[in-house]
Amino acid sequence: METLVKDLPEIFETFSDQRRQSFIAAQEYKQQGKPLVGIFCTYLPIELPLAAGAAVVSLCSVSDETIPAAEQDLPRNLCPLIKASYGFAKTDKCPYFYFSDLVIGETTCDGKKKMYEYLSDFKDVMVMELPQSQSPDGLALWKKEILRLKEVLEQKFSVELTDDKVRAAVKSCNKERQALINFFELMKMDPPPMTGMDCYNVLNGSSFRFDREAATKDVIALTERLKEQGSLKGKKPRILLTGSPIGGVYQKVLSALEENAYVVAFENCSGAKSLYGLVDENAEDIYDALAKRYLAIGCSCMSPNHYRMDQLRKMIDDFKVDGVVEVVLQTCLTYSVETRAIRKLVTEEKGIPYLAIETDYSQGDDGQLKTRLNAFTEML
Ligand code: BJ8
């Protein structure tokens, strides 16, 4: 992307369309005989498939198009992310799934881990056993699982994953993450230099670039451009978004919120959960470092989930947040149960308003959602 010559709206548009644009890149990549690994979760240490010479792509679907097909095999009252992802795989409508040589899942929530069993009817699927707590025993299990992943990748792609290769991948992923953190933290400016919608599109779009080095360069160049441009005109209340992944609902949620406010921070998987925490490049045992970094992600599948609470406390202060909105995907039990603890933290400890909404990938609730979100931002 010619980040230096294009104007900002054009650059944001390119990032927003990246997922679709890379469908063709995936095909070209495969034609060159390179392996592709499909993943479903932020806990997956992408450094390992990258060190094995594979490209890594997220298979979490963001459209309700194939949910009816999925409901032939899965219960209707299941999270839309699980149904949509399964539906695209089953109907062969997702090029990323189609081109994936290996799909790696992990035991996060019950619906997802049971869905992987059915996915393995169509694809080579490896499921990593993710511990449900961040205890020392949990850490030992996660390291063991990461070493098992190493063996699976070595066998599958006939490569040797030497420590040097893994350390090189760790270094380059740290560089990518740091570039994205620097970009994301521009939103600490008041007013921010871009809308939450533009920020989200860059964070999400850059994860679908196969040339990761070029993507990092573009993010660095865009960050510099935005610094030069400075804040947007006009103050508005500042919102932090948290909860389930928002890939399939961000448009309706962000457009409603940003009528009267700026969404300045994302704590969910497109934001803080995947960005914060670099892997210790100098650790004596690089697998220890990987296990520590990834197990520290504050997803609601962990019990207790101290990391999420700490992250939220810090982000509310750092991004000068005026209100928190939690998006829970329909039937996402762990995030739904955790809303009570988050509400308490936000309203009692931080003394700012909190709203939890439940939604799915359909457009059926657009009007109702807009009314509730507008009412929330108007009172800030
Ligand atoms: S680290 S948020 S990507 S598990 S599929 S839990 S929405 S019911 S996706 Fe997730 Fe990893 Fe955690 Fe992030 Fe709920 Fe749906 Fe389950 Fe979901």
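Note that ligands are numbered from 1 as they come in the structure, with each ligand's atoms numbered from 1 the same way.
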Worksheet item: Does a salt bridge link E129 with K144, judged by any charged N lying under 4.0 Å from a carboxylate O?
Response: no
Worksheet entry | Shortest protein heavy-atom distance from atom 11 (Fe) of ligand 1, along with the residue and atom involved | C41 SG, 2.3 Å
Item to complete: Inspect the contact between K314 and E185 and indicate whether a charged nitrogen and a carboxylate oxygen are less than 4.0 angstrom apart.
Response: no
Item to complete: For atom 15 (Fe) of ligand 1, check which protein N, O or S atoms are under 2.8 Å away and list them.
Response: C79 SG
Fill in: Ligand-side contact atoms (ligand 1) for residue partner T108, heavy atom cut-off under 4.0 Å
4 (S)
Practice prompt. Among all protein heavy atoms, pick out the one at the shortest distance from atom 2 (S) of ligand 1; state its residue, atom name and that distance to 0.1 Å.
Written response: Y335 OH, 3.4 Å
Worksheet item: Do the charged groups of D288 and K143 touch, with an N to O distance under 4.0 Å?
Response: yes
Worksheet item: Can you list the ligand 1 atoms lying under 4.0 Å from a non-hydrogen atom of Y43?
Response: 1 (S)
Fill in: Ionic contact status for K90 with D73, cut-off 4.0 Å
yes
Worksheet entry | SB check E281 R167 (cutoff 4.0 Å) | no
Worksheet item: Salt-bridged, E326 to R343, with N to O below 4.0 Å?
Response: no
Worksheet item: Are K236 and Y262 in a cation-pi setup, meaning NZ or CZ lies under 6.0 angstrom from the ring centre and within 45 degrees of the ring axis?
Response: yes
Worksheet item: Between E349 and K344, does at least one N-O distance fall below 4.0 Å, as a salt bridge requires?
Response: no
Discussion item. Please evaluate residues Y116 and E106 with respect to the criterion side chain to side chain contact (heavy atoms under 4.5 Å, CB included), reporting the C-alpha separation (whole Å), side-chain torsions for both, the decisive distance (0.1 Å), and the verdict.
Written reply: CA-CA 9 Å; Y116 296 140; E106 58 308 295; 3.0 Å; yes
Response to the item:
If you scan protein heavy atoms around atom 13 (Fe) of ligand 1, the nearest is C269 SG, 2.2 Å
Worksheet item: For atom 12 (Fe) of ligand 1, what's the nearest protein heavy atom and its distance?
Response: C299 SG, 2.3 Å
